[in-house]
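Single-structure report; data block below.
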Amino acid sequence: MSKYDGNQKLDVNELEQLYSDGAGYDILRYIGLPELFGEEKDTLLYFLGRNLARKFEFSSLEDLSLFFEKMGLGSLDLAKDKKKVKTFYLLSDAIVTKLNSNIETDFRLEAGIIAEVIQQLEGVDCECLESVHHRLKQIEFTVYIQD
């Protein structure tokens, strides 16, 4: 098998071969990147997520859930599936820990990933917004499917 060169798409199952405890990732994700991106961090993280999703092949919502699991992002579940709007919930012990920490967290990267994957699967433009439910310790993603 050849090494990834940045031009081909990867199978989601390739993530099985990578491992991380997550703290290093969290420092880069919630401190390093926002500091690097500055005021444009929300937009840049969203489009970084979309770009990352383009590097993988997704053939189903199950692939999206597997991607989130293998990336250590949490358990992503489809809660509502309407014609123009899909709602997902993201849950995990790591989400609870992040929301309870003193580090400012956001989920724009994850929203970008979801938007891109749904756009690939549906074949139409999509946008995704996230909202944090602090009391429930879960993240809600709402995907708006365009005509």
Side-chain angles (χ1 to χ4, degrees), residues 4 6 8-37 40-147:
Y4 177 71
Q8 77 257 29
K9 287 196 175 209
L10 294 168
D11 188 293
V12 174
N13 292 310
E14 292 286 327
L15 296 173
E16 291 276 352
Q17 299 180 26
L18 301 173
Y19 175 79
S20 172
D21 283 339
Y25 164 83
D26 286 345
I27 295 297
L28 288 172
R29 169 68 181 81
Y30 297 114
I31 296 174
L33 288 178
E35 207 170 273
L36 178 67
F37 292 160
E40 300 296 322
K41 77 173 178 76
D42 290 341
T43 301
L44 292 172
L45 286 168
Y46 183 78
F47 284 102
L48 176 60
R50 289 191 78 124
N51 190 51
L52 287 173
R54 289 183 193 115
K55 303 292 183 188
F56 291 86
E57 292 183 38
F58 295 91
S59 58
S60 67
L61 290 177
E62 290 78 20
D63 284 349
L64 175 58
S65 294
L66 177 65
F67 182 84
F68 266 70
E69 177 188 325
K70 295 301 178 189
M71 289 289 294
L73 300 173
S75 175
L76 185 70
D77 296 311
L78 179 63
K80 298 176 192 165
D81 189 3
K82 297 183 179 175
K83 186 175 181 181
K84 299 285 183 194
V85 179
K86 294 184 185 299
T87 304
F88 294 87
Y89 292 129
L90 181 63
L91 303 154
S92 75
D93 292 341
I95 297 283
V96 173
T97 301
K98 289 173 189 177
L99 292 177
N100 287 333
S101 78
N102 291 327
I103 297 173
E104 183 180 336
T105 56
D106 65 69
F107 299 89
R108 294 301 296 153
L109 179 83
E110 293 85 343
I113 293 168
I114 294 168
E116 185 62 32
V117 172
I118 299 302
Q119 185 165 311
Q120 288 177 25
L121 295 175
E122 298 284 331
V124 294
D125 289 340
C126 296
E127 295 299 331
C128 182
L129 297 175
E130 77 282 356
S131 51
V132 178
H133 298 283
H134 288 281
R135 187 178 57 78
L136 298 174
K137 304 293 188 219
Q138 74 180 16
I139 314 306
E140 180 178 303
F141 295 97
T142 305
V143 180
Y144 298 95
I145 300 168
Q146 315 282 316
D147 281 341

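Only heavy atoms go into these numbers, but all of them, side chains included; no hydrogens, no water, no symmetry mates. The model shown is predicted, which means the values in this text are computed figures rather than measured ones.
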Contacts of Glu104 that satisfy side chain to side chain contact (heavy atoms under 4.5 Å, CB included) - sequence neighbours left out: Lys41

Residue list, side chain to side chain contact (heavy atoms under 4.5 Å, CB included) with Leu99, at least two apart or on another chain: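 Expected list: Ile95, Thr105, Phe107, Val132, His134, Lys137, Ile139.
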
If I take atom [atom1] from residue [X] and atom [atom2] from residue [Y], how far apart are they, to the nearest 0.5 angstrom?
X: Asp106; Y: Arg108; atom1: CG; atom2: CZ; value: 8.0 Å
X: Arg135; Y: His133; atom1: CZ; atom2: NE2; value: 9.5 Å
X: Phe37; Y: Asp42; atom1: CZ; atom2: CG; value: 11.0 Å
X: Leu36; Y: Leu28; atom1: CG; atom2: CG; value: 10.5 Å
X: Ser59; Y: Leu64; atom1: OG; atom2: CG; value: 11.0 Å
X: Arg29; Y: Glu110; atom1: CZ; atom2: CD; value: 5.0 Å

Which atom pairs, one a donor and one an acceptor, fall under 3.5 Å between side chains of residues 112-125 and the rest of the protein, sequence neighbours left out?
{"unit_1": "Glu116", "atom_1": "OE1", "unit_2": "Arg50", "atom_2": "NE", "d": "3.0"}
{"unit_1": "Glu116", "atom_1": "OE1", "unit_2": "Arg50", "atom_2": "NH2", "d": "3.1"}
{"unit_1": "Glu116", "atom_1": "OE1", "unit_2": "Arg54", "atom_2": "NH2", "d": "3.3"}
{"unit_1": "Glu116", "atom_1": "OE2", "unit_2": "Arg54", "atom_2": "NE", "d": "3.4"}
{"unit_1": "Gln119", "atom_1": "OE1", "unit_2": "Arg50", "atom_2": "NH2", "d": "2.5"}
{"unit_1": "Gln119", "atom_1": "OE1", "unit_2": "Cys126", "atom_2": "N", "d": "3.1"}
{"unit_1": "Gln120", "atom_1": "NE2", "unit_2": "Ala53", "atom_2": "O", "d": "3.4"}

Side-chain donor/acceptor of Ser65 to backbone N/O of Glu62, under 3.5 Å: no

Gly74 to Ser92 - nearest heavy-atom pair and separation: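 Residues Gly74 and Ser92, closest heavy atoms: CA-CB, 3.7 Å.
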
Closest heavy-atom pair and its distance - Leu76, Phe88: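 Reported closest heavy-atom pair: CD1-CB, 3.6 Å.
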
CA sep, side-chain torsions, deciding dist, call: Glu127, Tyr46, side chain to side chain donor-acceptor pair (under 3.5 Å): CA-CA 10 Å; Glu127 295 299 331; Tyr46 183 78; 2.7 Å; yes

Of all pairs that satisfy salt bridge (charged side-chain N to carboxylate O under 4.0 Å, His left out), the ones with a partner from residues 71-82, not counting sequence neighbours: Asp81-Lys86

More than 12 heavy atoms from other groups under 6.0 Å of CD on Gln146: yes

Note, Leu109 side chain near Leu52 side chain (heavy atom, < 4.5 Å): yes

pair Tyr89-Leu136: side-chain heavy atoms closer than 4.5 Å: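 Tyr89 does not reach Leu136 side chain to side chain.
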
Non-neighbouring partners of Asp93 that pass side-chain hydrogen bond (donor to acceptor under 3.5 Å, both in side chains), sequence neighbours left out: none

Chi angles and distances behind the side-chain contact (heavy atoms from CB on, under 4.5 Å) call for Leu129, Phe141: CA-CA 6 Å; Leu129 297 175; Phe141 295 97; over 6 Å; no

Non-neighbouring partners of Phe68 that pass ring pair (Phe, Tyr, Trp, His ring centres under 6.0 Å), sequence neighbours left out: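 Phe68: no ring pair (Phe, Tyr, Trp, His ring centres under 6.0 Å) contacts found.
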
